[in-house]
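Have a look at the structure below before the remarks.
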Amino acid sequence: MTDEAQPLPAALQMQQLLTGFEVSQALYVIAELEVATALLDGPRSIESLAAETHADSDALGRIIRFLTPLGVFRSVEGGVEVTDLGRTLADGPADSVRGLARYWMETHYGPFSGLLHAARTGEPGARKVLGKPFFDWVGESPRLTALQNSAMAGGGRAVRGDLLDVYQLPQGRMIADIGGADGTLLAELLTKSPERQGMVFDLPGVVSKAADVLAAAGVADRATAVAGDFFVDAVPTADIYVLSVVLHDWDDASALSILRNIAKAAPTGARLVLVETVMPVGDGPHYAKMLDLTMLAMLGGRERTERQWHQLLAEAGFTVERIVAGSGIVSAIEATLT
């Protein structure tokens, strides 16, 4: 006899894979109801937890029981406690992805049903489901726009890991964060480099909160928020252009349009820093492969290999100087305008 667990038959393994939609929705409930946040101070009974989060105790207990074997919670005498994994769904921890969980489930979950359309046509499935481009749909809702900004700020920190510590920006006084949303990344960069100045450039409804973020970080005297569309408007002139997980949203033709618009505004020798995934070659697991499927279904964009990044940037007039990876899943791809 052995205590070693026997592998499940293939059919049961596939059934487990097919329940992925249940996992994502259960995690969304925990994030939305702030269950993990309520457990940050220690274990609680299901009853008191349900009362604080305005949930039905039986239903909440069953959802927690479902997520416990996945490592999100741990049963203790008289109740439940949150694990380090589960804490990432709470407000407060530095590695929180609560905003991302809420954003994905409220904006991606339904439209992702268009993946079959994407597979058949190569077009974004979300556009067929929503009747319009995804970002246009989000932009019509102030609530979803705010949720998107929150998700990009928190999720960005999680995917970067220690990248901002191991990668040093090239020399240059003025930083332009193109597609920088609410300015969270620019605020971090300026905090680390008190001698620099910066601008965050994004659509009016997206960049509207940047002034508050920059002020809260204590860098408002060195930074400004500029509203515009990087497809149709001139981008600001700067020494360093930073685009954090922006180009992966777009197909090659659209990405080239963005890069060429930057090249028009940038002086010769200006540096470009892309914070993006670099898709590995091979069959091994990698977050970029999941993200690439999201881009296919939602936006028509893609994750790119190192070779594809070199080709794309060269076509826009940039030469890759170095690629620096940190502990997260994205790298800093630094290039020079030639």
Side-chain angles (χ1 to χ4, degrees), residues 135 152 156 160 163-164 167-204 206-207 210-211 214 219-278 301-302 304 306-324 330-338:
F135 285 133
M152 295 305 102
R160 287 196 303 270
L163 183 63
L164 297 188
Y167 171 73
Q168 301 299 315
L169 285 174
Q171 291 188 352
R173 183 170 180 80
M174 178 61 70
I175 303 169
D177 186 3
I178 306 300
D182 66 359
T184 296
L185 175 59
L186 180 62
E188 290 186 52
L189 293 173
L190 292 181
T191 299
K192 289 178 175 293
S193 301
E195 75 284 2
R196 303 187 200 251
Q197 298 178 337
M199 295 174 282
V200 56
F201 179 89
D202 214 321
L203 295 171
V206 178
V207 80
L214 296 169
V219 298
D221 60 328
R222 296 186 285 124
T224 56
V226 181
D229 184 333
F230 49 43
F231 285 114
V232 298
D233 298 318
V235 302
T237 297
D239 303 307
I240 305 166
Y241 291 87
V242 176
L243 288 85
S244 180
V245 288
V246 171
L247 294 187
H248 81 145
D249 289 339
W250 306 97
D251 60 24
D252 285 351
S254 299
L256 276 172
S257 178
I258 297 168
L259 290 170
R260 285 170 174 159
N261 202 11
I262 292 171
K264 287 178 184 178
T268 300
R271 296 299 182 94
L272 175 73
V273 179
L274 306 180
V275 180
E276 296 276 2
T277 67
V278 178
R302 66 186 310 123
R304 295 175 173 91
E306 182 174 346
R307 180 180 177 183
Q308 287 172 325
W309 281 121
H310 276 268
Q311 291 174 334
L312 180 70
L313 289 166
E315 194 168 346
F318 292 89
T319 300
V320 175
E321 302 290 348
R322 58 178 177 148
I323 297 178
V324 179
V330 294
S331 299
I333 306 168
E334 183 181 313
T336 302
L337 178 63
T338 54

Around atom CZ of Arg322, are there more than 12 heavy atoms of other residues, nucleotides or ligands at under 6.0 Å?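 Atom CZ in Arg322 is packed in, count exceeds 12.
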
Once you round to the nearest 0.5 Å, how far does [atom1] of [X] lie from [atom2] of [Y]?
X      : Y      : atom1 : atom2 : result
Phe230 : Ile262 : CZ    : CD1   : 8.5 Å
Leu214 : Met199 : CG    : CE    : 12.0 Å
Ser331 : Tyr167 : OG    : OH    : 11.5 Å
Arg196 : Arg222 : CZ    : CZ    : 10.5 Å
Ile323 : Trp309 : CD1   : CH2   : 9.5 Å
Leu256 : Asn261 : CG    : CG    : 12.0 Å

In sequence, state the C-alpha distance, the side-chain angles, and the governing distance for Ile258 and Val235, and then conclude on side-chain contact (heavy atoms from CB on, under 4.5 Å). CA-CA 9 Å; Ile258 297 168; Val235 302; over 6 Å; no

Which is it for Val226 and Val207 under the side-chain contact (heavy atoms from CB on, under 4.5 Å) test, yes or no, and what are the steps along the way? CA-CA 7 Å; Val226 181; Val207 80; over 6 Å; no

Are the side chain of [X] and the backbone of [Y] linked by a donor-acceptor contact shorter than 3.5 Å?
X      : Y      : result
Glu276 : Ile333 : no
Asp177 : Val200 : no
Glu195 : Arg173 : no
Asp249 : Gly301 : no
Thr338 : Gly317 : yes

Should [X] and [Y] count as side-chain neighbours, where that means a heavy-atom distance under 4.5 Å?
X      : Y      : value
Leu185 : Arg160 : yes
Leu272 : Leu337 : no
Leu313 : Thr319 : no
Ile178 : Val246 : no

Ion pair check, Arg304 and Asp252, cut-off under 4.0 Å: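 A salt bridge links Arg304 with Asp252.
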
Shortest non-hydrogen contact from [X] toward [Y]:
X      : Y      : answer
Ala181 : Ala210 : O-CB, 4.2 Å
Ala332 : Leu163 : N-CD2, 3.9 Å
Tyr241 : Ala266 : CE1-CB, 3.4 Å
Ala234 : Phe201 : O-CE1, 4.0 Å
Ile240 : Pro170 : CD1-O, 3.2 Å
Ala238 : Ala270 : O-CB, 4.2 Å

For the pair Arg260 and Glu315, evaluate side-chain contact (heavy atoms from CB on, under 4.5 Å) and give the outcome as yes or no after the intermediate values. CA-CA 9 Å; Arg260 285 170 174 159; Glu315 194 168 346; 3.6 Å; yes

Describe, in one word, how the ring planes of Trp250 and Phe231 are oriented to each other, choosing from parallel (under 30°), tilted (30 to 60°) and perpendicular (over 60°). perpendicular

Apply side-chain contact (heavy atoms from CB on, under 4.5 Å) to residues Leu247 and Leu259 and explain how you reach the verdict. CA-CA 9 Å; Leu247 294 187; Leu259 290 170; 3.8 Å; yes

